[in-house]
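Each remark here refers to the structure printed beneath this line.
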Number of protein chains: 2
Amino acid sequence: MTTIRDVAKKAGVSVATVSRFLNGNGYVSQEAATAVKAAVEELNYELNTVARSLTTKKSNLIGLILPDITNPFFPELARAVEDVALTYGYTVVLCNSDEDPKKEKNYIETLKKKYIAGFIVTSNQLDAPHYANLKLPVVALDRVINERIPTVVSNNRQGGFMGAQALVDRGSKNLLFLRGPEEFGSANDRYIGFGEAMEKNSVTYETVFCPFHFAEAEKIVEQYLHDNKDIDGIFASSDVQAAGALKAAHNLGLAVPKDLQIIGFDGISMGEMLTPALTTIAQDIYKMGAIAARVLIKQIEGQPIENFMNEIPVNLVVRGTTKGAVT
Amino acid sequence: MTTIRDVAKKAGVSVATVSRFLNGNGYVSQEAATAVKAAVEELNYELNTVARSLTTKKSNLIGLILPDITNPFFPELARAVEDVALTYGYTVVLCNSDEDPKKEKNYIETLKKKYIAGFIVTSNQLDAPHYANLKLPVVALDRVINERIPTVVSNNRQGGFMGAQALVDRGSKNLLFLRGPEEFGSANDRYIGFGEAMEKNSVTYETVFCPFHFAEAEKIVEQYLHDNKDIDGIFASSDVQAAGALKAAHNLGLAVPKDLQIIGFDGISMGEMLTPALTTIAQDIYKMGAIAARVLIKQIEGQPIENFMNEIPVNLVVRGTTKGAVT
DNA sequence: ATATTATGTGTAACCGGTTACACATTATGG
DNA sequence: CCATAATGTGTAACCGGTTACACATAATAT
C-alpha cells in the first residue's frame with residue numbers, strides 16, 4: 001500500500017505539503033501541487049480513511065436507524081438515503097432498532113467509537129437521553145421531535161384531510177377511520193387532518209385504533225364491519241392496514257368500491273398489486289429519504305441548513321378501491 | 001477519552017500488558033489481569049476500534065451487497081444478516097448495486113480502504129474480476145458462483161418440482177410456467193425442477209420468460225391467457241410475478257382458483273395480503289440471511305466452515321390461489 | 001528602506017491502538 | 001545441578017494520516 005510518505009518522497013516535498021494538497025487547505029504552490037498530483041497518479045495512491053479518522057475523529061459513515069427494514073415503508077427510504085450518501089462519498093450503516101431504546105443506544109455507542117459522522121433516525125425514542133447528549137448531526141425522519149433537530153416528514157395532516165375528503169367526494173357517507181398507534185406522531189397528524197375534513201362535511205364517522213399490521217387490521221375491520229353494516233368508506237392510516245381492510249371486505253362479501261370504498265396511506269408498491277388496486281395517499285418516500293440524507297450531509301459538512309422542517313407533500317393516487325368522484 | 005495508556009498507568013503495568021489482556025493473547029499473569037480489569041472498569045475504558053483497525057488492518061464491518069433493497073425479497077435477508085452480525089459484534093454496511101459492476105467495484109474499493117472484514121454478496125457479477133482478486137472472506141447468497149466460495153441458496157430445483165407437482169396434484173392439466181431471467185441461476189434451477197416434475201406427469205405445459213416485475217408479468221400473462229384459454233394452472237418463479245398473474249386473471253374475469261390455480265415462489269409477506277391469498281413455494285429468507293452471516297463470520301474469524309454449499313429447504317405454503325389436493 | 005503581511009514548506013508530535021524484541025524469572029528435564 | 005523451555009513484562013517502533021509550529025521568502029504597506 002502506498003502511503004502519503006511515498007507520495008511525498010516521489011514528489012520531492014514533505015508529507016505536510018501532500019496532506020495540504022489532498023485536503024485543499026493551507027498554502028500549496030502551483031509547482032508543488034502539480035508534482036504531488038503527478039506522484040499520486042503515478043503511484044496510484046489512495047488515501048487511507050481509517051488513518052485519517054484516527055486523527056480527525058471523523059469518518060464518512062452515516063448511521064440509518066430505523067425500526068425494521070422489513071416494514072415495507074422503509075426499504076425505499078433506505079434506498080434513497082444510500083443513493084445520495086453514495087454520491088456525496090458517504091457510506092450507510094443499517095441499524096434495525098425495533099424501537100428498542102437499548103438497541104438504539106447500543107448502536108449509537110458502537111458507531112460513535114467509529115467516529116460516525118451523523119445519524120438519520122426514524123424512531124419514537126428520539127427524545128430519549130441517549131440522543132440528548134449525542135453531540136453529532138442528526139436528522140429526524142418521519143418523526144417530529146423538536147425544532148432544534150432538522151426534520152423530514154410528509155405533510156401528514158394534509159394527507160389525512162385529503163384522504164377523508166376524497167372519500168366524501170366519492171359519495172361515502174359513513175366513514176371508518178383506522179387510526180395508527182398513538183405514540184406515533186405522524187399517525188396522529190393524519191388523524192388530525194381527518195378530523196378537520198370531518199368538520200367541513202356532514203358525514204358520520206367513527207375512529208378505531210389499529211396497529212400497522214395486516215392480520216390485525218383484517219381482524220379488527222372484519223369485526224367492525226360485521227357489527228356496523230352501514231360503513232361505506234374506510235380511510236386507513238397505512239397501506240398495510242388498508243390491505244387488511246380490503247381483505248376483510250372480501251371475507252364479508254362486500255363489493256369494493258361499490259359497497260365500500262377504501263383509501264390507504266403510504267403509497268408502497270404492494271398497493272397496486274392488490275385487487276382492486278389500492279387508492280392511497282402516497283408519500284414521496286424516496287424524496288423523504290433523499291432530503292434527509294442531504295440535510296444530514298449539509299450539517300456534517302458545516303453548511304447552513306435553510307429549513308429545519310421539511311414537509312414533503314403527499315398526493316392522492318386514485319386506483320381501484322374508490323369510485324369516480326361525484327361531481 | 002480514556003486510552004490504553006491511561007489504563008496501563010492506573011493498573012501499574014505497560015500498555016503491552018493491557019493490550020494482551022484485552023485481546024486474550026500472549027502471557028498475562030493473574031495479578032496483572034485483575035489489576036487491568038479493575039482499571040478498565042474504574043476508568044470506563046472502551047477500546048477505540050479505529051485505532052485498532054489501523055494497525056491490524058481489520059475491522060468489524062461487513063458489507064452486504066444486494067441488487068436493490070426495494071425488491072421485497074431483500075429486506076428480510078438484510079434484516080437477518082444484520083441481526084446475526086449484531087450478536088457477533090459486527091456492523092453491516094448496506095450496498096445497493098443494481099447489478100451494476102461499476103457500482104459494485106466502487107463499493108468494494110471504498111470498503112476495502114476501511115479494512116472491511118468481508119462481504120455477503122447477492123449478485124450475478126460475482127465471477128467478475130473485482131471479486132477474483134478480492135482477498136477477503138465472501139459468501140454468495142441466493143446465487144451459486146463456484147465451489148470455492150461458500151454459498152447459501154434455497155433448494156430451488158426442489159422448489160420448482162414441488163410447485164409444479166402441487167399444481168398437478170390439485171388437478172391442473174395445462175400449465176404455464178413463468179420463467180425468470182435467464183442470467184439468474186436460481187431461476188434456472190426452478191425451471192429445471194419444474195421440468196423434472198413435467199417429466200413425471202402427463203400434463204401439457206408451456207414456458208414463458210417473464211421479468212420479476214409486477215406490471216410486466218401482468219401484461220405478459222394477460223396476453224398469454226387471452227390467447228390460450230385452456231391454461232388452468234400457473235407456476236410463477238417469483239411472488240411478484242404471481243401477483244401479476246393473479247391480477248391478469250382478475251382482469252380477464254377468471255375465477256382463481258376454480259378456473260385457474262396460481263402458485264408463486266418466494267414467500268414474501270405481500271403474498272398473504274392478496275385476494276385470494278397466494279399459494280407459494282416459500283423460501284426461508286431469514287434463515288438464508290442468518291446462515292450467510294454466520295458462515296461469513298466464521299470465515300472472518302478463521303474457524304473451519306463445514307459446508308461450502310448450504311441449501312436451505314423450501315416449503316409449500318398453501319393458501320387461496322390453489323384448490324384442495326385431489327386425493 | 002523597513003515593517004508587516006501573505007505565501008509556502010518541512011519537522012516532528014500526535015491520534016490510540018498492536019506487537020517484535022529484549023530481558024527477567026520460574027518451571028521442567030536429563 | 002545446569003540447560004532449556006515456559007511464563008511474564010516493558011520499551012519502542014509502527015500503522016498512515018493530520019497539523020502545530022518554526023522558519024523562509026515574496027509581496028505589500030508605510
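Each chain gets a letter, A, B and so on, in the order the sequences are listed, and its residues count up from 1. None of these values were measured; they are calculated from a predicted model.
- Residue-level contact check: A:Thr56 touches the backbone only, with heavy atoms under 4.0 Å from sugar-phosphate atoms and none from bases.
- Nucleic acid contact for A:Tyr45: sugar-phosphate only, since backbone atoms but no base atoms lie under 4.0 Å from a heavy atom of the residue.
- Across all strands shown, B:Val13 has heavy atoms under 4.0 Å from sugar-phosphate atoms exclusively, and none from any base.
- Residues A:Arg20 and A:Tyr27 fail the side-chain proximity criterion, which asks for heavy atoms closer than 4.5 Å.
- With no hydrogens or angles considered, a side-chain donor-acceptor pair links A:Tyr115 and B:Asn48 at under 3.5 Å.
- Nucleic acid contact class of A:Glu46 (heavy atoms, under 4.0 Å, all strands): sugar-phosphate only.
- At the heavy-atom level, A:Ser19 lies under 4.0 Å from base atoms of the strands shown.
- Note on A:Val15: a base of the nucleic acid sits closer than 4.0 angstrom, heavy atoms only.
- The phosphate of C:dT9 (OP1 or OP2) has a side-chain N or O of A:Ser29 nearer than 4.0 angstrom.
- Atom OH of A:Tyr286 has more than 12 heavy atoms from other residues, nucleotides or ligands within 6.0 Å.
- Between B:Lys287 and B:Glu311 there is no salt bridge, since no side-chain nitrogen of the basic residue lies less than 4.0 Å from a carboxylate oxygen of the acidic one.
- With a 6.0 Å radius and a threshold of 12 heavy atoms from other residues, nucleotides or ligands, B:Lys112 has its NZ atom above the threshold.
- Taking only side-chain atoms of B:Thr55, from C-beta outward, the nucleotide of C:dT9, C:dG17, D:dG17 with the closest atom is C:dG17.
- The listed nucleotides are C:dT9, D:dG16, D:dG10; the one nearest the side chain of A:Thr17 is C:dT9.
- An angle of 30°, rounded to 10°, separates the two end axes of the helix from C:dA1-D:dT30 to C:dG30-D:dC1, each defined over five pairs.
- Using modelled atom types, one side-chain atom of A:Thr34 and one backbone atom of A:Gln30 make a donor-acceptor pair closer than 3.5 Å.
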